[in-house]
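Below: the structure, in C-alpha cells.
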Amino acid sequence: QAGGPLAGVKVLITAGPTHEPIDPVRYLANRSSGKQGYAIAQACADLGAQVTLVSGPVALRPPAGVTFIACESACEMRDHAMAALPVDVAICAAAVADWRPDHVAGQKIKKQDRTSVPPPLVLVPNPDILAELSEPSPMRPRLVIGFAAETQDVHEHAQAKWRRKGCDWIVANDVSPATGHMGGDTNQVQVITRDGVEAWPEMDKTALAGELARRVAAWLARHPRRD
Ligand code: C5P
C-alpha cells in the first residue's frame, strides 16, 4: 500500500524452521510451518513496508511484493539476516534450531550391519539471531521483536526470554500439541513489552499478523527516527 502506515519502513522477518545437515541426505529440523512469519511479512507489506523475508524450508509461497531469501541452516539464516541490515524493525518468527551437528559428513553415513552401534551425534550451539540483532550497535533495528514458543509456564519462560535476549517485544505462544497452534491456522499470544503483558484473544494467524503490523506502525509513529 503506497503511503500506508509503514511506507518507507524497512522490516526484516525471519520465518520457518531451519534444517541442520547431518550428511548430504539427513538433517535435524522442527515442526514450524512458517505460517505466522509469512503472514506477518504479508501484513507489513500490505501496510506499505519494504519487507525482507528470510525463510527456512517451508511449503508456502512467498508473499507478493517482499524481498524473499531462502535458506536452510541457522548459520545461513544469520548471515542473510545480518546482510539485510540496516532495517527499522526486525521480527524473528523463525523456529531456529538451537543446535547443529558439529560435523557434517561429506558422504551419506552408512549403516555397517544390524548390530553396529549408531554413530554419535555431537551438537554445538547455533548463533542466536534474535540476540545478535538485539545487541546494542549502530546497526541495531529500532524495534526488535522475538517470538517465544513454549509448551508450559508460557508467561514465566517468555518473561525470562525477553530479559535474556535484549529484544523490545516478545510475542509468546503456547505450542502444546493440544492447542494445535504449531502448524495450525490460529494462534493465541501474550505480548510482553517494557509496559507489561497483554494477553490477546485466540485469532487466526493472518489476523494476528495484521494486528502486530498495526502495533508496529503505531510504535514507530510514537518513536520518530532521530535523524
Ligand atoms: O531461545 P528460543 O529459541 O526459545 O527463542 C525464540 C526466539 O528467538 C524466536 O524469536 C526465534 O526466532 C529467536 N531465535 C533466533 N535464533 C536462535 C534461536 C532463537 O533468532 N538461534
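Order of listing sets the numbers, starting from 1, for every ligand and every atom in it. The model shown is predicted, which means the values in this text are computed figures rather than measured ones.
- Polar contact with ligand 1: present for C92 (N/O pair, distance under 3.5 Å).
- Judged by the shortest distance from any of its heavy atoms, A148 lies outside the 4.0 Å radius around the atoms of ligand 1.
- Here the NE2-CG distance, from H181 to L208, works out to 10.0 Å after rounding to the nearest 0.5 Å.
- Of all the atoms in ligand 1, the ones that sit under 4.0 Å from a non-hydrogen atom of D98 are 3 (O), 18 (C).
- Counting protein heavy atoms only, atom 13 (C) of ligand 1 is closest to L130 CB, 3.6 Å.
- Counting protein heavy atoms only, atom 8 (O) of ligand 1 is closest to K165 NZ, 3.2 Å.
- Of all protein heavy atoms, the one lying nearest to atom 18 (C) of ligand 1 is V96 CB, 3.7 Å.
- By the 3.5 Å distance cut-off applied to N or O atoms, K161 is counted among the residues near ligand 1.
- Residue-ligand proximity, P127 to ligand 1, at heavy-atom distances under 4.0 Å covers atoms 16 (N), 17 (C), 21 (N).
- The protein non-hydrogen atom at the shortest distance from atom 11 (C) of ligand 1 is A94 O, 3.2 Å.
- The aromatic rings of Y27 and H19 sit parallel to each other, their planes meeting at less than 30°, with 60° as the upper class boundary.
- With 3.5 Å as the limit, one finds a donor-acceptor pair spanning the side chains of S55 and Y38.
- Of the N or O atoms in G146, none lie within a sub-3.5 Å distance of an N or O in ligand 1.
- Nearest protein heavy-atom neighbour of atom 9 (C) of ligand 1: F147 O, 3.0 Å.
- Of the protein's heavy atoms, I129 N, 3.0 Å lies nearest to atom 16 (N) of ligand 1.
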